[in-house]
S.K.: 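One structure follows; several queries about it will come next.
Both ligands and their constituent atoms are indexed starting at 1 by order of listing. Bear in mind that the values here come from a model prediction, so they are computed numbers and not experimental data.
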Amino acid sequence: MSIWSKISRDKIPLHVAIIMDGNGRWAKKRGEHRLFGHTKGVDSIRNVLKVATEIGVKHLTLYAFSTENWNRPKEEIDGLMNLLVQAISNEIEEMDKNEVKLSMIGDEMRLPEKCRQSLNEAIDRTKENTKINLILALNYSARWEILHAAKQMAIMAVNDKNKVQQFTNEDFDNLLTTKDVPHPELLIRTSGEKRISNFLLWQLAYSEFYFTDVLWPDFGADNFIKAIASYQSRERRFGMVSEQINTTNE
Ligand code: IPE
Ligand code: IPE
Ligand code: MG
């Protein structure tokens, strides 16, 4: 059955953000090591990237490693960092062929040298691609990002107090790591958890949230389409009342 029988061609979100959660529990249920779940999670990324590209999503931001994830056992962290390098090397050819542009948000300085190197090579190789922007959130923290922007504003204020006093939402946007990307219309979180876990706090202010109990390694194209269908069924009022929205659409 065609995808288009389940969703409409109008109202495709430009930007979808995903908190890919549940890899560890998926592995545990099978009596396997957590890393097995993370490895399987890479297949889900490939599948979701493919279907997102197909339906015309322009930006896909994936939460891959938070600043809090450094608190996990060293063995898991090392495994995740190795997996990142391995996944980039396995997928880059296909991604480039499919015109995927890779980028990252987060503080890359704390990532191991080999991760930074392979990421930067992949980012550079795909920088002219325009079909879809795959944004990996790595060593990412929304509080870090907002604090960093606030500090930049404080520094600006020393030289030009007026400029900072007149700062708009858009000006603040331009200080964030997501500055070239529209805010996500849709946030998906897998695995049944219902929290943001320090992800895109500012940018999610008016996003639609979609929570599913499906664990990330089980999340595939069908699940993604279901999330899009749910998004399309919602009325985004942005503080207005329903009648105003419907008049605007007429
Ligand atoms: C998400 O899966 C992946 C990362 C945080 C890197 P988890 O590893 O958090 O899986 P659970 O939540 O323990 O099942
Ligand atoms: C959020 O998942 C981070 C990523 C998906 C990379 P966690 O599994 O780390 O979140 P918490 O700690 O349960 O909130
Ligand atoms: Mg988790």
S.K.: Just need the protein heavy atom nearest to atom 1 (C) of ligand 1, so name the residue and atom and give the distance.
M.R.: M20 O, 3.0 Å
S.K.: Could you report the tightest heavy-atom contact between D218 and W26, atom names first, then the distance?
M.R.: OD1-NE1, 2.9 Å
S.K.: Decide yes or no for W202 and E145: does some side-chain heavy atom of the first lie under 4.5 Å from some side-chain heavy atom of the second?
M.R.: no
S.K.: Excluding waters, which protein N, O or S atoms are within less than 2.8 Å of the Mg ion (ligand 3)?
M.R.: D21 OD1
S.K.: Nearest heavy-atom pair of I55 and I3: which atoms, and what distance?
M.R.: CG2-CG2, 3.8 Å
S.K.: Work out which heavy atom in I12 is nearest to a heavy atom in R9; give both atom names and the distance.
M.R.: CG1-O, 3.5 Å
S.K.: If you look at every heavy atom in G192 and D213, which pair is closest and at what distance?
M.R.: CA-OD1, 3.3 Å
S.K.: Is it the side chain (CB and beyond), the backbone, both or neither of N69 that lies under 4.0 Å from ligand 1, heavy atoms counted?
M.R.: side chain
S.K.: So do the side chains of E91 and R46 get within less than 4.5 Å of each other, counting heavy atoms only?
M.R.: yes
S.K.: Within the structure, is a non-hydrogen atom of R195 found at a distance of less than 4.0 Å from ligand 2?
M.R.: yes
S.K.: Mind checking whether R34 has a heavy atom under 4.0 Å from ligand 1?
M.R.: yes
S.K.: Counting non-hydrogen protein atoms only, what is the nearest one to atom 2 (O) of ligand 2? Give residue, atom name and distance.
M.R.: R189 NH2, 3.6 Å
S.K.: Looking at D124 and K127, is there a salt bridge between them, counting it only when a charged N and a carboxylate O are closer than 4.0 Å?
M.R.: yes
S.K.: Where does F65 meet ligand 2, judged by heavy-atom distances below 4.0 Å: at the side chain, the backbone, both, or neither?
M.R.: backbone
S.K.: Is there side-chain contact between F65 and Y140, with at least one heavy-atom pair below 4.5 Å?
M.R.: no
S.K.: Does an N or O from D21, backbone or side chain, lie closer than 3.5 Å to an N or O of ligand 2?
M.R.: yes
S.K.: With a 4.0 Å cut-off, would you call E193 and R25 a salt bridge?
M.R.: yes
S.K.: Name the closest protein heavy atom to atom 10 (O) of ligand 1, giving the residue it belongs to and the distance to 0.1 Å.
M.R.: G24 N, 2.9 Å
S.K.: If you look at every heavy atom in R34 and A27, which pair is closest and at what distance?
M.R.: CA-CB, 3.9 Å
S.K.: Under 3.5 Å, N or O to N or O, is S66 touching ligand 2 that way?
M.R.: no
S.K.: Less than 4.0 Å is my threshold; does some heavy atom of G22 fall inside it relative to ligand 1?
M.R.: yes
S.K.: Touching ligand 1 at all, A64? Heavy atoms, strictly under 4.0 Å?
M.R.: yes
S.K.: Can you check atom 12 (O) of ligand 2: any protein non-hydrogen atom closer than 4.0 Å?
M.R.: no
S.K.: Heavy-atom distances under 4.0 Å decide this one: backbone, side chain, both or neither, for H38 against ligand 1?
M.R.: side chain
S.K.: Are side-chain heavy atoms of S89 and V85 found at a separation under 4.5 Å?
M.R.: no
S.K.: Looking at R72, which atoms of ligand 1 are within less than 4.0 Å of one of its heavy atoms?
M.R.: 5 (C), 7 (P), 8 (O), 9 (O)
S.K.: Given side chains that start at C-beta, do those of K226 and F224 come closer than 4.5 Å, heavy atoms only?
M.R.: no
S.K.: Are more than 12 heavy atoms from other residues, nucleotides or ligands located less than 6.0 Å from atom NZ of K179?
M.R.: no
S.K.: List ligand 1 atoms under 4.0 Å from R25, heavy atoms only on the residue side.
M.R.: 11 (P), 12 (O), 14 (O)
